[in-house]
Amino acid sequence: SVFLFFWAFTAAALASGVVPVAYAVALAPVWALQAYQLWIGVREERWLCARLLGFRVVRLGVAALLMVHLLGLR
């Protein structure tokens with residue numbers, strides 16, 4: 001449910017124009033990896049693998065958002 005809330009919140013922010021499109025482009029790999037994380041954890045029941053992937057996804061998301069911010073893409 002946390003993933004769905006995050007995706008819905010980001011989509012609403014993009015639709016309202018609060019968040020620039022560059023952030024959506026930067027977060028696209030993060031969303032794909034989160035979907036894969038859900039697949040591994042819920043469908044395949046490999047909880048530890050999904051958890052470790054989650055840590056990598058967070059690092060990737062922070063790096064992507066930081067890159068967009070530092071490059072000034074808006």
Where do [X] and [Y] come nearest, in terms of heavy atoms and distance?
| X | Y | result |
| --- | --- | --- |
| G61 | V30 | CA-CG2, 3.5 Å |
| V68 | A26 | CG2-CB, 3.4 Å |
| P29 | L60 | CB-CD2, 4.2 Å |
| L14 | P20 | CD2-O, 3.6 Å |
| T10 | W31 | CG2-CZ2, 3.3 Å |

Roughly how far, to the nearest 0.5 Å, is the [atom2] atom of [Y] from the [atom1] atom of [X]?
| X | Y | atom1 | atom2 | value |
| --- | --- | --- | --- | --- |
| W47 | L52 | CH2 | CG | 14.0 Å |
| Q34 | L4 | CD | CG | 10.0 Å |
| L53 | L48 | CG | CG | 11.0 Å |
| L38 | L33 | CG | CG | 11.5 Å |

- Message: Please tell me whether V62 and V25 are part of a single hydrophobic cluster in this structure, the criterion being side-chain heavy atoms less than 4.5 Å apart.
- Response: no
- Message: Just to verify, what does E45 make a salt bridge (Lys or Arg N to Asp or Glu O under 4.0 Å) with, not counting sequence neighbours?
- Response: none
- Check each of F5, F6, W7 against F3 using the side chain to side chain contact (heavy atoms under 4.5 Å, CB included) test, and report the only one that passes. W7
